[in-house]
Amino acid sequence: MNVLVVGGAGYIGSHCVRQLLAAGHNPVVLDNLVFGHRAALSPAIRLYEANLGDEAAVGKILKDEKIEVVMHFAAFAYVGESVSDPLKYYFNNVVATLHLLRAMLAAGVKKFIFSSTCATYGIPREMPIVESSPQAPINPYGQSKLDVENALKSLAHAHGLSFATFRYFNAAGAAEDGTIGEAHDPETHLIPLAIDAATGRRPALQIFGTDYPTPDGTCLRDYVHVDDLSRAHIAVFPKLETPGAALFYNLGTGRPTSVLEVIQAVEKVSGRKVPYTTAPRRAGDPPALYADSSKAVRELGWTVRFPGINEIVATAWAWHAARPAGYR
Ligand code: UDP
């Protein structure tokens with residue numbers, strides 16, 4: 001398939017580009033390189049440096065490249081910033097995505113794969129989370145993703161757009177060969193910060209909250225390998241052949257892992273101590289989030305190749321060891 005990967009130079013997008021190549025597809029990338037990295041892409045990949053909200057530019061790419069399916073990874077994803085600067089999130093994550101979708105419909109491209117998030121569930125009442133769990137985001141980031149999910153439903157109904165929305169849990173890890181991986185600036189995610197604390201590149205890790213109602217008092221999350229996430233995006237292709245298909249899938253391993261367990265995994269994999277201090281809870285952090293992904297397993301034949309936190313952290317460690325400064 002000819003695939004336009006929007007945000008393909010970012011963390012999850014760049015891993016998906018490699019998976020697409022490995023599966024024999026033809027990816028081209030649209031990325032404005034605000035957060036993406038050219039070096040995350042093979043030199044053979046065509047990169048269009050443009051904004052996803054630029055309908056004229058997108059329309060031309062869709063036609064020139066004979067695009068059949070669009071994958072959309074590009075979004076702002078800092079929860080705290082979304083609370084302090086919501087317009088930035090609504091304009092980039094919602095308004096720009098609507099422009100992208102309008103350009104697609106104008107060009108007759110009607111297959112779409114969207115990166116959504118477990119943040120659309122807010123603070124769930126029941127765990128593990130299933131796709132039919134109520135969605136009640138507690139921050140503008142999660143709301144912006146839910147707004148797009150709702151727009152997609154309307155477009156499927158009105159125009160026969162077929163789409164799949166993947167609600168990611170905690171994307172983690174790096175390509176197994178250590179050539180690409182996670183490189184955010186600023187970095188706020190637990191695993192890269194714990195690795196940098198272990199190597200001394202950053203100060204001691206702060207654990208945000210040790211008084212949660214969880215077995216060890218720290219938050220539980222569902223860490224899922226970025227290549228496992230990526231492969232689901234390709235496994236869904238046959239389902240998009242049905243016009244108007246409106247598909248929603250959780251992607252997680254289903255294993256809750258605490259902050260302290262992540263620290264232990266980094267220590268085990270690296271053979272170093274992770275210095276840490278305890279800090280107050282971070283605003284907007286639910287105590288526990290983990291997925292029931294059996295729908296993706298059942299309907300897409302999705303398999304998790306990295307079920308355990310040690311294996312996931314090992315790939316992240318290999319990447320950070322090989323490229324301590326990321327792509328710089
Ligand atoms: N966390 C932490 N210290 C940090 C960064 C994260 O204790 O410096 C915790 C955070 O409170 C959450 C978990 O680690 O419980 C995962 O956070 P991350 O930001 O990686 O992902 P999120 O779950 O927010 O998407």
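FYI, the numbering just counts along the sequence from 1. Whatever order the structure lists ligands and atoms in, that order sets their numbers, starting from 1. These figures come from a predicted structure and were not determined experimentally.
- Phe112 and Val69 make their closest contact through N-CG2, 4.4 Å (heavy atoms, listed as atom of the first residue, atom of the second, distance).
- The aromatic ring centres of Phe73 and His233 sit less than 6.0 Å apart.
- With hydrogens and angles ignored, the 3.5 Å screen pairs a side-chain donor or acceptor of Tyr78 with a backbone N or O of Pro186.
- Within the 3.5 Å criterion, the main-chain N or O of Leu161 finds no donor-acceptor partner in the side chain of His159.
- A ring-centre distance under 6.0 Å is not found for Phe76 and Tyr90.
- Of the N and O atoms on the side chains of Thr253 and Asp222, at least one donor lies less than 3.5 Å from an acceptor on the other residue.
- Listed by chain and number, Asn170, Thr188, His189, Leu190, Leu193, Leu205, Gln206, Ile207, Phe208, Cys219, Arg221, Tyr223, Val259, Arg282, Asp285 each place a non-hydrogen atom less than 4.0 angstrom from ligand 1.
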